[in-house]
Amino acid sequence: MDPANTPDYRIAPSILSADFARLGDEVGQVLAAGADFIHFDVMDNHYVPNLTIGPMVCKAVRPHARRPDGSDAIIDVHLMVKPVDRIVPDFAEAGANIISFHPEASDHIDRTLGLIREHGCKAGLVFNPATPLGYLDYVMDRVDLILIMSVNPGFGGQSFIDEALVKLADARARIDAYAASSGRTIMLEVDGGVKVDNIAKIAKAGACTFVAGSAVFGARDADGGYRGVMGKLREALASV
Ligand code: DX5
Ligand code: ZN
C-alpha cells in the first residue's frame with residue numbers, strides 16, 4: 001500500500017512506549033484500535049543518547065503489523081543512527097515501508113534519499129528542533145515525508161516544544177508550493193509530545209501524520225484502553 005493513499009490524518013503510535021516483552025501483541029492491539037502506521041524508533045547510543053531496536057526486531061514485528069482488514073500496515077522507521085546508509089538495506093529487507101533519517105547523520109543526504117527509494121521504501125528527512133528546513137532546498141523531488149521533531153530525539157514522554165508549530169507551518173507552505181508545481185504530495189509528520197489536548201493545534205499548523213508514543217501506549221490500563229485514546233485523538237482531529 002502507498003502510505004500517501006491512507007486517511008488525511010494518520011496516527012502513528014511509537015512502539016518506544018510499548019511493552020517490549022509483548023511487542024507483537026502491542027502492535028496488533030494498536031492497529032486493531034485504529035492506528036494507521038506503526039512508528040519504529042531506532043536509536044544507536046551514538047547519534048542519540050539511547051539504544052533501542054534494529055532490523056531483527058522490525059522483521060519479527062512485520063507479521064503482527066496487520067490492519068483489521070488483514071492488509072499490511074505501514075511500518076514507519078525513524079532512524080536516529082549515524083552512519084545511516086549501512087543499515088538502510090537491512091530495514092528494507094525487514095519489511096519497513098518508510099525510512100526517515102536525520103540530515104546531520106548522513107554525509108551525502110541526496111545519496112541516502114536515493115538509496116532508500118532504490119530499496120523500495122518511501123524516504124523521509126527528519127528535522128530536530130534547531131535544524132533548519134533549508135536541507136530540503138534541492139531535494140524535494142527525492143523526499144516522500146518530512147518529519148518535524150517537536151522534542152529532542154532520544155526519549156519518549158517529553159513535552160511538546162511549541163516552536164515546532166512555526167516549523168510545521170513553514171514546512172506545510174513548502175509542501176503546498178511544491179505540490180502545486182509538481183502535482184506530488186509529501187507527507188508532513190510530527191513526532192514528540194503529541195497528546196489528546198494538543199493534537200488539534202498541531203493539525204492546524206499543517207501536520208497530517210502524528211506520532212504518539214506515551215499518549216497511546218500509556219493508555220494501556222486506562223478506561224477504554226487503546227481504542228479509547230485513539231477515539232479521543234480522532235475526535236480532537238475531527239474538530240479541526
Ligand atoms: C523520540 C522518538 C519519538 C518518541 C515519541 O526520539 O522519536 O517517536 O517515542 O514519544 P512521545 O509521544 O511519548 O513523545
Ligand atoms: Zn520517532
Side-chain angles (χ1 to χ4, degrees), residues 3 6-43 50 52-53 57-58 60-69 71-78 80 96-98 100 124 126 145 147-161 164 168 187-205 207-240:
T6 44
D8 290 351
Y9 287 136
R10 310 169 191 106
I11 300 176
S14 160
I15 57 174
L16 192 59
S17 294
D19 177 350
F20 275 79
R22 305 174 34 252
L23 202 47
D25 280 357
E26 291 271 76
V27 164
Q29 280 185 32
V30 286
L31 287 165
D36 298 294
F37 295 174
I38 293 298
H39 186 78
F40 194 100
D41 284 310
V42 183
M43 305 184 186
N50 199 358
T52 58
I53 45 181
V57 177
C58 185
V61 159
R62 182 67 271 179
H64 298 269
R66 299 239 180 281
R67 297 170 68 89
D69 66 4
S71 63
D72 276 351
I74 301 297
I75 298 184
D76 169 31
V77 171
H78 175 190
M80 288 160 273
N97 303 96
I98 303 171
S100 303
V126 191
L145 175 142
L147 171 49
I148 304 296
M149 292 306 298
S150 38
V151 297
N152 286 291
F155 301 95
Q158 304 179 78
S159 299
F160 187 88
I161 297 172
L168 281 167
M187 294 175 273
L188 181 54
E189 184 171 43
V190 61
D191 186 1
V194 175
K195 307 279 174 200
V196 171
D197 63 8
N198 64 9
I199 195 168
K201 77 175 176 190
I202 300 168
K204 279 186 192 130
C208 63
T209 304
F210 306 84
V211 176
S214 48
V216 171
F217 286 102
R220 191 176 295 119
D221 302 318
D223 215 16
Y226 297 151
R227 224 173 267 278
V229 71
M230 291 296 297
K232 284 181 196 150
L233 289 165
R234 296 248 184 247
E235 212 174 286
L237 286 172
S239 74
V240 176

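Computed from a prediction, not measured in an experiment: that's the story for all the values here.
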When you measure from the side chain of N198 to the backbone N and O of G193, does any donor-acceptor pair fall under 3.5 Å?
yes
For R234 and Y9 the tightest heavy-atom approach is NH1-O, 3.4 Å
Distance from L23 atom CG to I38 atom CD1, nearest 0.5 Å?
9.0 Å
Measure the CD1-NZ distance between I199 and K232 for me, rounded to the nearest 0.5 Å.
13.5 Å
Ignoring hydrogens and geometry, is there a side-chain-to-backbone donor-acceptor pair from T52 to M43 under 3.5 Å?
yes
Test item: F210 and L237 side chains (from C-beta on) under 4.5 Å apart, heavy atoms
yes
How about I74 and D36: do any of their side-chain heavy atoms sit closer than 4.5 Å?
no
Determine yes or no for a side-chain-to-main-chain donor-acceptor pair under 3.5 angstrom, with R66 supplying the side chain and L31 the backbone.
no
Side-chain touch F217/I15, heavy atoms, less than 4.5 angstrom
yes
Do other residues, nucleotides or ligands put more than 12 heavy atoms under 6.0 Å from the CG atom of D69?
yes
Gap separating the CD1 atom of I11 from the CZ atom of F37, nearest 0.5 angstrom
11.5 Å
Nearest heavy-atom neighbours spanning A215 and A212:
CB-CB, 4.3 Å
Do R220 and E26 meet the salt-bridge criterion of a basic N to acidic O distance under 4.0 Å?
yes
Over all atoms of both residues, closest heavy-atom pair of F160 and S150
CE1-CB, 3.3 Å
L147 and side chain to side chain contact (heavy atoms under 4.5 Å, CB included): which partner among D76, D191, V190?
D191
Just wondering, do V216 and L233 contact through their side chains at under 4.5 Å, heavy atoms?
yes
pair Q158-S214: side-chain heavy atoms closer than 4.5 Å:
no
Spell out, as yes or no, whether a donor-acceptor pair under 3.5 Å connects the side chain of R62 to the backbone of A65.
yes
How many angstroms lie between atom CE of M80 and atom OG of S100, to the nearest 0.5 angstrom?
10.0 Å
Minimum-distance pair of heavy atoms, taken over all atoms of N50 and G154:
ND2-O, 2.9 Å
Locate the shortest heavy-atom distance separating V42 from I53; write the atom from each residue and the value.
CG1-O, 3.2 Å
Count the heavy atoms of every other residue, nucleotide or ligand shown that sit under 6.0 Å from CG of D197, and state whether that count exceeds 12.
yes
Is the shortest heavy-atom distance from the side chain of I148 to the side chain of L188 under 4.5 Å?
yes
Using the rule given for side chain to side chain donor-acceptor pair (under 3.5 Å), can you reason through D41 versus H39, listing the C-alpha separation, both sets of side-chain angles and the distance that settles it, and then say yes or no?
CA-CA 6 Å; D41 284 310; H39 186 78; 2.9 Å; yes
I need the minimum non-hydrogen distance between L168 and E189, along with the two atoms involved.
CD2-O, 4.4 Å
Could you please spell out the steps behind the side chain to side chain contact (heavy atoms under 4.5 Å, CB included) verdict for V229 and V196?
CA-CA 8 Å; V229 71; V196 171; 4.1 Å; yes
Report yes if some heavy atom in the side chain of M187 is under 4.5 Å from a heavy atom in the side chain of I98; otherwise report no.
yes
